[in-house]
Enquirer: 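Pasting a structure below so you can have a look.
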2 protein chains.
Amino acid sequence: MADVARHAGVALGTVSNVINNPAKVAEGTRLRVLDSIAALGFVRNNLARSLAAGSANTLGFVIVDIGNSLFVDIARGAQKAAGERDMKLLLANSDVDLDSQNEYLDLFDEARVSGILLAPLDAPLDGAAKVRSHGRAVVLVNWPGEPGESCGVVVDEELGGYLATRHLLDSGRSRLLFAGGPLTLHAVEQRYAGARRAVDESGGAATLELLETDRLTVPAGLRVGHEIAGRSVDDRPDGIFASADALASGCVQALIYGGINVPADIAVIGYDNNHFAADSVVPISTVGQPGIEMGRIAAELLLEETDPSQPHSHRTVVTEPSLIVRASTKPAG
Amino acid sequence: MADVARHAGVALGTVSNVINNPAKVAEGTRLRVLDSIAALGFVRNNLARSLAAGSANTLGFVIVDIGNSLFVDIARGAQKAAGERDMKLLLANSDVDLDSQNEYLDLFDEARVSGILLAPLDAPLDGAAKVRSHGRAVVLVNWPGEPGESCGVVVDEELGGYLATRHLLDSGRSRLLFAGGPLTLHAVEQRYAGARRAVDESGGAATLELLETDRLTVPAGLRVGHEIAGRSVDDRPDGIFASADALASGCVQALIYGGINVPADIAVIGYDNNHFAADSVVPISTVGQPGIEMGRIAAELLLEETDPSQPHSHRTVVTEPSLIVRASTKPAG
DNA sequence: CTGTTAGCGCCTTCAT
DNA sequence: ATGAAGGCGCTAACAG
C-alpha cells in the first residue's frame with residue numbers, strides 16, 4: 001500500500017481513503033491512485049483491514065448437508081442478500097457431523113467473520129452457544145431460534161402437510177395414505193399433523209392411512225410403491241402423500257412398474273421440491289420450501305443483529321411452503 | 001491474549017507458544033495457560049495470527065456448481081486432505097457464473113488464503129491468472145492445469161467411455177447407441193471417443209449409433225427413451241450408453257413406461273455415479289469419477305505448491321474412472 | 001524454557 | 001483534501 005502511495009505520489013492514508021471513502025478524495029487524485037493500484041497489481045490485505053477495522057465483511061454459513069438442494073438454495077438467497085450489503089458469504093460443509101460442525105463454527109469464530117449462519121444437525125447447539133458467548137451473532141437456519149438467544153428461520157411444515165393433503169382432497173381423492181418416517185423427525189411429524197388436520201376438516205368424507213417408513217429415500221419409496229401395488233385393488237389408496245420427494249419418486253416408479261396408472265388410479269404428491277419430483281416420467285406434484293427467501297431472511301436477520309446502530313430483538317421467522325401442482329395429481333376421471 | 005497471560009501469570013509470548021509450539025513450554029505452565037484460556041473463553045484471532053505469521057491456515061475452494069455431487073465429493077476429499085495438514089477448507093459457490101467466480105477468487109485473494117482450489121466453469125481463466133500473478137497458488141479441479149502455469153486434476157473421460165461400452169459388449173450387447181450432447185462439451189466428446197474405440201476394437205461385431213441430445217438432463221433422457229420406445233423392435237438398440245446418469249435415468253423411465261424391459265430387452269449404462277443411477281426402479285450401472293480422491297490430490301498439489309521448502313513443478317494428474325455394475329446391464333438372456 | 005520487542009498491513013483520528 | 005502517528009492482536013526472533 002505504501003508502494004501504491006509512492007507510485008501515485010500521495011500519502012498512505014490517501015490510498016486508504018480512495019478504497020474505503022472514495023467521496024473524501026479529489027477526483028483527479030482518486031483516478032491517479034486507482035491507476036497505480038492497477039499498475040502495481042495491488043490487492044488490499046483483508047486480514048489487516050479487518051484487524052484494524054475490527055470487523056470483517058464476510059459472513060460464514062455452516063451447512064449440515066451441502067448435497068441437499070434446499071440448503072443450496074438457502075445459500076444462494078443468503079449470498080444474494082449479503083452481496084447487496086457488500087458482504088461475502090463463505091460456506092462450510094459440516095456433512096452431518098457434529099464435530100465438524102463445531103470445528104467450522106470455531107473456524108469462523110477465529111476468522112472473526114461478521115456473523116454466522118448455521119443450518120444445524122439435530123443435535124445440541126453447544127458450539128453455537130460458545131460462539132455466541134464470544135459475542136458473535138449466530139442465526140439458525142431451518143431450525144427455530146433459541147428464545148431470547150438467537151434468531152431462526154423455519155418453514156411451517158404443518159401448513160405444508162395441510163396444503164398437500166388439501167390438494168389431494170380437492171382433486172377428488174378420498175382414500176388417502178401418508179407415507180414417511182420416522183415420525184420422530186420433527187418435520188415428518190408436522191407434515192403428518194397437517195395432513196391429519198386436512199382430513200379431519202373433510203368431516204368423515206375422507207380417510208387417512210399412515211404408513212411409516214424408516215427413511216425418506218428413494219429405496220424406501222420403492223418399497224412403499226411395491227407394497228401398495230401388491231395390495232388388492234380395493235385396499236389401495238387413491239391418493240398418496242409421500243412426505244419427501246425422494247420417497248415419492250420411488251413410490252411412483254414402483255407403482256408404474258406394477259402397472260398402476262399415476263395419476264388416474266393413484267395420485268401422488270411429494271414434498272421438498274427436489275429435482276426428483278420434476279424429473280420423473282410422471283412429473284410429481286410437491287410442496288416447496290422458499291429456500292432462497294429463507295436464505296435472504298436469515299442473512300438479513302444476521303446483518304440486523306450485527307449492526308450496532310440498529311435495535312434488535314431475537315425472533316424466529318416462519319416462512320410458508322407452497323403447493324406445486326404437476327401431472328401426478330391431475331384430478332381423477 | 002494479554003489477559004490470558006496475566007491470568008496465568010506468564011508472559012504474552014508464552015501464551016503464543018502454548019498455542020503454536022506446545023512442545024516448547026513446560027507441562028505445568030502449559031496446563032495453567034490452557035486453563036486460563038478456557039476460563040476466559042479466549043479465541044485466538046486468526047486475522048492477526050495470519051497477518052503476523054504471513055500465512056493462513058486456510059484453503060479456499062471456488063466451486064462451479066455446488067448442486068453437483070461430484071464437486072461435493074471433491075470438497076469432502078479436499079477437506080480431509082487439508083485437515084490432515086491442519087488446514088481448513090472454505091467453500092464458495094460461483095453458481096456457474098463467471099463474475100461470481102472471479103469475485104470469490106478475489107475474496108480469497110484478499111483473505112490471503114494459503115492457496116485456492118478452483119473448479120472452473122467453461123470460460124476464460126483470467127481471474128485465476130490474476131490471482132496467480134499475485135503469487136497465490138491456484139489448482140484447477142476437474143480441469144486440466146495450464147502447462148507451466150498451474151496444476152490440475154482431471155478424470156480420463158475417454159477411458160470412462162471405453163469402460164462403459166466395453167461392459168455393454170461384454171454383457172453380450174452388439175447394437176449399441178450412444179446418447180449425449182452437445183458434443184461440443186469436452187467430456188461428452190471424450191466419452192464418445194472411448195465408446196468409439198471399444199466398438200472399433202470389436203472388429204465389426206458391434207455397431208454404435210450416435211444420438212446427440214441438446215442437454216444432459218432427465219427430460220432429455222425421457223425424450224431419448226420415448227424415441228427408442230417408438231421405434232420398431234428391429235430398429236432398437238440392445239445396449240444404450242447414456243453419457244450422464246440424469247440422461248440414463250430419464251431413458252430408463254421412458255423405456256419401462258413404453259413397456260420395454262430393462263435390461264432384458266435393452267441394457268442401459270449411465271455416467272457420473274449420481275444418486276440418479278442408484279435410486280432407480282432398475283438400479284443403473286454407471287461409471288464413477290473418484291471425487292474424493294480428486295479432491296485429495298488437488299489439495300495435496302496445492303499444499304505442495306504452497307510449501308516453499310519443497311520443489312514443485314506444475315502438472316496435471318489424470319485419475320481413472322471406474323465401472324459400477326448394477327441391474328440395468330445384467331447380461332442378455 | 002521464559003520474557004521482551006519489533007513489526008505484519010491497514011484504518012483512523014488528528015492536525016495541517 | 002491531505003499527511004503523520006498510534007494501535008488492532010498476534011508471531012517470531014532474540015536475549016536472559
Side-chain angles (χ1 to χ4, degrees), chain A residues 1-34 36-37 40-58 86 106-114 134-136 308-309, chain B residues 1-34 36-37 40-58 86 106-114 134-136 308-309:
Chain A
M1 191 147 161
D3 293 344
V4 175
R6 200 175 314 122
H7 183 109
V10 298
L12 193 150
T14 307
V15 178
S16 172
N17 276 332
V18 168
I19 298 177
N20 301 302
N21 301 63
K24 282 197 161 188
V25 48
E27 185 70 8
T29 318
R30 201 171 62 79
L31 259 33
R32 196 150 36 91
V33 172
L34 250 23
S36 299
I37 286 181
L40 272 54
F42 166 79
V43 179
R44 135 156 117 336
N45 185 328
N46 223 333
L47 297 177
R49 199 203 76 79
S50 301
L51 180 59
S55 83
N57 58 349
T58 303
D86 285 316
D106 286 345
L107 172 65
F108 282 136
D109 197 10
E110 288 184 1
R112 296 297 194 268
V113 296
S114 176
H134 300 152
R136 198 164 316 285
S309 77
Chain B
M1 192 148 160
D3 294 343
V4 175
R6 200 174 314 123
H7 183 109
V10 298
L12 193 149
T14 306
V15 178
S16 173
N17 276 333
V18 168
I19 298 178
N20 301 303
N21 301 63
K24 283 195 161 190
V25 47
E27 186 69 10
T29 319
R30 203 172 60 80
L31 259 35
R32 195 149 38 91
V33 172
L34 251 23
S36 298
I37 287 181
L40 272 56
F42 167 79
V43 178
R44 129 155 126 332
N45 186 328
N46 219 339
L47 297 176
R49 197 203 76 79
S50 301
L51 179 58
S55 82
N57 58 349
T58 303
D86 285 315
D106 285 345
L107 172 65
F108 283 135
D109 197 11
E110 289 184 0
R112 296 296 194 271
V113 295
S114 173
H134 300 152
R136 199 164 314 286
S309 77

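Numbers restart at 1 for each chain; the letters A, B, ... are given by sequence-line order, proteins then strands.
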Enquirer: Output yes when at least one side-chain N/O atom of Thr14(B) is less than 4.0 Å from OP1 or OP2 of dC1(C), else no.
Expert: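 No, because none of the side-chain N or O atoms of Thr14(B) sits under 4.0 Å from OP1 or OP2 of dC1(C).
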
Enquirer: Starting from C1' on dC10(D), measure out to CG on Leu47(A) and report it in whole angstrom.
Expert: 12 Å

Enquirer: How close or far is atom C1' of dT2(D) from atom CD of Glu27(A), stated in whole angstroms?
Expert: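 It works out to 17 Å between those atoms.
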
Enquirer: Minimum heavy-atom separation for Asn57(B) to Arg49(B), with atom names?
Expert: N-NH2, 3.8 Å

Enquirer: Distance check needed: dG9(C) C1' versus Phe42(A) CZ, whole Å only.
Expert: 8 Å

Enquirer: Report the nucleotide, chosen from dG3(D), dG9(D), dT4(C), that has the shortest atom-to-atom distance to any side-chain atom of Leu51(B).
Expert: dG9(D)

Enquirer: Closer than 3.5 angstrom, by distance alone: can the side chain of Asn21(B) be matched with the main-chain N or O of Asn17(B) as a donor-acceptor pair?
Expert: no

Enquirer: Indicate every side-chain donor-acceptor pair of residues 1-13 of chain B with a distance under 3.5 Å to a residue at least two apart or in another chain.
Expert:
{"from": "Asp3(B)", "atom 1": "OD1", "to": "Arg6(B)", "atom 2": "NH1", "distance (Å)": "3.3"}

Enquirer: If you assign each of Arg112(B) and Thr29(B) to its closest nucleotide in DNA chain C, which residue comes earlier from the 5' end?
Expert: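 Closest to the 5' end, via its nearest nucleotide, is Thr29(B).
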
Enquirer: Tell me: CZ of Arg6(B) to P of dG9(D), nearest whole Å?
Expert: 13 Å

Enquirer: Which pair of heavy atoms, one from Leu47(B) and one from Asn45(B), lies closest together, and at what distance?
Expert: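 Distance-wise, the nearest heavy atoms are N-OD1, 2.8 Å.
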
Enquirer: In whole angstroms, how far is the C1' atom of dC8(C) from the CG atom of Asn46(A)?
Expert: 15 Å

Enquirer: Output all residues satisfying salt bridge (Lys or Arg N to Asp or Glu O under 4.0 Å) with Arg32(B), sequence neighbours left out; order by chain, then residue number.
Expert: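 Salt bridge (Lys or Arg N to Asp or Glu O under 4.0 Å) list for Arg32(B), sorted by chain: empty.
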
Enquirer: Tabulate below the donor-acceptor pairs under 3.5 Å that side-chain atoms of residues 106-113 of chain A make, not counting sequence neighbours, or state none.
Expert:
{"from": "Asp106(A)", "atom 1": "OD1", "to": "Lys130(A)", "atom 2": "NZ", "distance (Å)": "3.3"}
{"from": "Asp106(A)", "atom 1": "OD2", "to": "Lys130(A)", "atom 2": "NZ", "distance (Å)": "3.3"}
{"from": "Asp109(A)", "atom 1": "OD1", "to": "Arg136(A)", "atom 2": "NE", "distance (Å)": "2.8"}
{"from": "Asp109(A)", "atom 1": "OD1", "to": "Arg136(A)", "atom 2": "NH2", "distance (Å)": "3.3"}
{"from": "Asp109(A)", "atom 1": "OD2", "to": "His134(A)", "atom 2": "ND1", "distance (Å)": "2.6"}
{"from": "Glu110(A)", "atom 1": "OE1", "to": "Arg44(B)", "atom 2": "NH1", "distance (Å)": "3.0"}
{"from": "Glu110(A)", "atom 1": "OE1", "to": "Asn46(B)", "atom 2": "ND2", "distance (Å)": "3.3"}
{"from": "Glu110(A)", "atom 1": "OE2", "to": "Arg44(B)", "atom 2": "NH1", "distance (Å)": "3.0"}
{"from": "Arg112(A)", "atom 1": "NH1", "to": "Asp109(A)", "atom 2": "O", "distance (Å)": "3.2"}
{"from": "Arg112(A)", "atom 1": "NH2", "to": "Val43(B)", "atom 2": "O", "distance (Å)": "3.1"}

Enquirer: Do Ile37(B) and Ile19(B) make a side-chain contact, defined as non-hydrogen atoms from C-beta onward lying under 4.5 Å apart?
Expert: yes

Enquirer: Enumerate the protein-to-nucleotides 11-16 of chain D contacts in which both atoms are nitrogen or oxygen and the separation is below 3.5 Å.
Expert:
{"from": "dT11(D)", "atom 1": "OP1", "to": "Asn20(B)", "atom 2": "ND2", "distance (Å)": "2.9"}
{"from": "dT11(D)", "atom 1": "OP2", "to": "Ser16(B)", "atom 2": "OG", "distance (Å)": "3.0"}
{"from": "dT11(D)", "atom 1": "OP2", "to": "Asn20(B)", "atom 2": "ND2", "distance (Å)": "3.4"}

Enquirer: Check Val18(B) against Pro22(B) and note the closest heavy-atom contact, atom names and distance.
Expert: O-CG, 3.7 Å

Enquirer: Roughly how far, to the nearest 0.5 Å, is CG of Leu34(A) from CZ of Phe42(A)?
Expert: 11.5 Å

Enquirer: Would you please enumerate the stems DNA chain C participates in, each stem being three or more consecutive Watson-Crick or G-U wobble pairs with both distances under 3.5 Å?
Expert: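 Stem list for DNA chain C: C:1-16 with D:1-16.
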
Enquirer: Name the pairs: protein N/O against N/O of nucleotides 14-16 of chain C, kept only if under 3.5 Å.
Expert:
none

Enquirer: How close do Ser114(B) and Ala56(B) get, counting heavy atoms only, and between which atoms?
Expert: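 That would be CB-O, 3.5 Å.
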
